[in-house]
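Take a look at the structure below.
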Amino acid sequence: MKKKYYSAAFALILSLALVLTGCGSSGSSSNSDANKTLVFGRGADTTSLDPAVVTDGESFRISQNIFETLVSYDYKNQSTKIKPGLAESWKISDDGKTYTFTLRKGVKFSDGSAFNADAVVYNFDRWMNGKASGKFAYFPSMFGGYKGDNSLIIDRVKAQNATTVVFTLKRPSAPFLQNLAMSPFAISSPKAIKKYGDKYGQSAGVGTGPYVFKSWKKNNTITLTKNKNYWQKGLPKLDSIIFKVIPDNSARLNALKNGEIDLMDGLNPSDIDGIKGNKDFHVYYRPPMNVAYLGFNVTKKPFDNKKVRQALNMAVDKEALNKAFYNGQAEPAKNPMPPVLLGFAKDLKDYPYDLKAAKKLLAEAGYPNGFTTTLYTMSNPRDYMPQPAKTAEAIQATFGKIGVKVKIENVEWSSYIEKLQKGGAPMYLMGWIGDNGDPDNFLYTLLDKDSVGTNNLSFYKNDELHKIFTQAQSETDNAKRAALYVKAQEIIHEDAPWVPLEYAKAALVGKSTISGFAPSPTGTEPLSDVTVK
Amino acid sequence: MFYYSVKRILMLIPVLLGMTLIVFAIIHAIPGNPALTILGTKASPEAVRQLNQSLGLDNPWYVQYFSYLKDILTGDLGTSIQTHAPIASEIWPHLAATIELSFVAMIIAIVVGINAGIISAWKQNSVFDYTAMILALIGVSMPVFWLGLLEQWGFSIKLGWLPSIGRDDIRNGVDPITNLYLIDTLLQGRLDQFWMVIRHMILPSIALATIPTAIIARMTRSSMLEVLKSDYIRTAKAKGQRMVWIVYKYALKNAFIPILTVIGLQTGLLLGGAILTETIFGWPGVGLYIYNAIQYRDYPVIQSGILIIAFIFVMVNFIVDLLYGLIDPRIKYK
């Protein structure tokens, strides 16, 4: 009697297993269809299709493929050098205050309306008049403010004729072209903006780019299809791209190995070794446009003493941090800006990791037995710092060897920023991801006296440096500008308000059947050259 | 029964009101500011102040609370700060995804859990009993994210039997009608897609079902053990009734009340607690939706999202209370 039940149960399990194996045949899908589709796996969803109202990289990842900017970064060569975009050429007046752009002829938005000088003016007016809504986050931070603010550097934007736009600036601004190339300043179809009103960005996004928005399932997938009327002949090479949200890095890698996605970002440093030897996959590195650093609040004792800061610069083992927390994929940092940028001081010698010298310098500063302090760090990983808490512990260990006793405090990200801006941390871990590929965006933004209270979290003020930054902002000759920034980095090196830690390289991985993918230092890139075999 | 139901429904009002207050208080106690998160770290304090003003976040807390309450009472769940879209329309696809997954997971948990518990009690101290109870112990203790990754590794990558992520094939997605994909695919007469959706549900629903299965199995076993020792069971045995009949018909009915309570609680927990499973399996559910909102300090979404889940939780338990009477006529509602 009993045996009957057992055998029935066994039969049930067996049949279930058969059903399971049976469905294996219709298993993982591939690109066998003539239609070339790429599936890109990523960690989070887009917030809006309208690049002007967002600051998150996942939104730009989409908008880069739908929209274009007046001038473009050199995406093909993974550089932030400026190339023609929707404007085929431009002239800068001798005083550096007038920019005249000649636009490409015959370009159309994907809704059929014409791209012309009026469309450019319409977009800039929309952003400049955004003060009341406050929703164009990037515009005021890159161009100084909204209309009516004295700090706004744009005075006028005028359409001279259908293909000529003239920008008049209030004062010369060397990073102006770099700013124009940023994803948030891509040109939208005025017709679409008027048509969709408040819903623009949620139910539609219309630009001139290589792909056209098709559908969006929130927190799930966004589908783009080929723009058949794209102005660059032969591009894009794919018929469609699907962006799929998979929040967990390991699960995303599993989906790639299982063939459900073709390309993904957010490859865990610890997974790199496991995938590198596999012929079916290719690992890509994004050239770093970021810096992770340990900052001192220079207004607080004992960090008001330059020698203390220099001593601590010698007590951080950057190679060890790289090996332990970046899987050796980062580049130890010696300057506050990454090497891809104009004017990187490559000949400057970094402080050596030398505990003896550090201890000696500390004694000279009047702290032969060290001191006790607190190191603040964020509780969530950041792109430039995958393991903030452990990084803090490693620094705590080497500082301990020269008698500096460190207490670690973890603070959640959004309250962390507030705390640092109020000067509440004597020592802190932080980083910066560049916006426009210009040195001004690192050095001036992070270390000028104007930036105290916003991004200069060390409260570091140096008048000589301020003079150099102001001069560099209006210098349009790149060689002279580069020399000014080298000088600035030397001063910062000597004053040591930070310990620059690492330039982090994000790793991506894709099937080896993919070609034409070149990750841009800016964090996102158009996928017009990408194709799958 | 009718009066009891009305009374219970009326009692829901203060419960839900209290819930709004608690949710509101917790959210505003989390440090951080939505304006700062929206504008990023690169924003000037001036811009942050301006955005706070336009979002109404510079008002005192009670003004914010009452305007929120007024909106809820008029059926308006609010607008997301992050996407500027109405929450009511945004939350449904996510809620549907979670409901579908939880429903399947709960069926697995109930069928497997109750049967395992019954057999364990019936064959107390047998090999089956020990094995089942050890498995149940592992089930409640195993981290869901780890189990999920393990399932993906085993059943997708190594064996290639099942898809590892999502609700549907990325390249061959379901066109949503109700957003309950099992129903949508049937409505469209797409049996191939129906089967595909089921295949996508297997791994996540098993991962989600482990804990409730284990808890239900343990509850069933202990409850059954007690009932199986009672006199009427002995009498039934003496009368020569078949054991299966005794266990499933007579014993289970009397043992079922505590099991039902556990099922009710677990169902509620699943709806809110599916977040880990959703993260691992790229399942666009309501847990993920609220989690993103928390990262972004999207107050209206957090508030309305938690409120909806809490409402479902309360409703499930209300239904369970009514079911008690159906199962055991000795329970009278006054």
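Below, all heavy atoms of this structure are taken into account, side chains as well, without hydrogens, waters or symmetry copies. What you see is a predicted model; the values in this text were computed from it and never measured. Naming: A, B, ... by sequence-line order, numbering from 1 per chain.
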Which atom of [X] lies closest to which atom of [Y], heavy atoms considered:
X: B:Tyr181; Y: A:Asn220; result: OH-ND2, 4.5 Å
X: A:Ile261; Y: B:Ile170; result: CG2-CD1, 3.8 Å
X: A:Ile246; Y: B:Ile280; result: CG2-O, 4.3 Å
X: B:Gly282; Y: A:Pro247; result: CA-CD, 4.0 Å
X: B:Glu90; Y: A:Lys218; result: OE2-NZ, 3.2 Å

Q) Any side-chain heavy atom of A:Lys217 sitting closer than 4.5 Å to one from B:Asp168? A)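 When only atoms from C-beta onward are counted, B:Asp168 and A:Lys217 do touch, with a gap below 4.5 Å.
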Q.
A side-chain contact here means heavy atoms from C-beta on lying under 4.5 Å apart; do A:Asn258 and B:Gln152 qualify?
A.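 With C-beta onward as the side chain, the pair stays apart.
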Atom [atom1] of [X] with >12 non-hydrogen neighbours under 6.0 angstrom:
X: A:Lys214; atom1: NZ; result: no
X: B:Trp92; atom1: CH2; result: yes
X: A:Asn150; atom1: CG; result: no
X: A:Asp383; atom1: CG; result: no

Answer with side chain, backbone, both or neither: which region of [X] has an atom nearer than 4.5 Å to a non-hydrogen atom of chain A?
X: B:Pro163; answer: both
X: B:Asn115; answer: neither
X: B:Tyr291; answer: neither

Q.
Below 4.5 Å, heavy-atom pairs only: which of A:Met142, A:Lys199, A:Lys131 has the largest tally toward chain B?
A.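 Heavy-atom pair counts peak at A:Lys131.
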Q | Test log, rule side-chain contact (heavy atoms from CB on, under 4.5 Å), inputs B:Ile165 and A:Lys244 | A | CA-CA 10 Å; B:Ile165 45 146; A:Lys244 164 76 187 166; 4.2 Å; yes
Q | Gap separating the CG atom of A:Asp248 from the CG atom of B:Leu276, nearest 0.5 angstrom | A |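 A:Asp248 atom CG to B:Leu276 atom CG measures 9.5 Å (nearest 0.5 Å).
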Q: Could you tell me the separation between the CG atom of A:Leu253 and the OG atom of B:Ser164, rounded to the nearest 0.5 Å?
A: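 Here the rounded value is 10.0 Å.
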Q: Check the side chains of B:Asn292 and A:Asp45 for a donor-acceptor pair under 3.5 angstrom, ignoring hydrogens and angles.
A: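 The answer is no; no qualifying pair exists.
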Can you tell me which portion of [X] sits under 4.5 Å from chain B's heavy atoms? Options are side chain, backbone, both or neither.
X: A:Asp198; result: neither
X: A:Val245; result: backbone
X: A:Ser48; result: neither

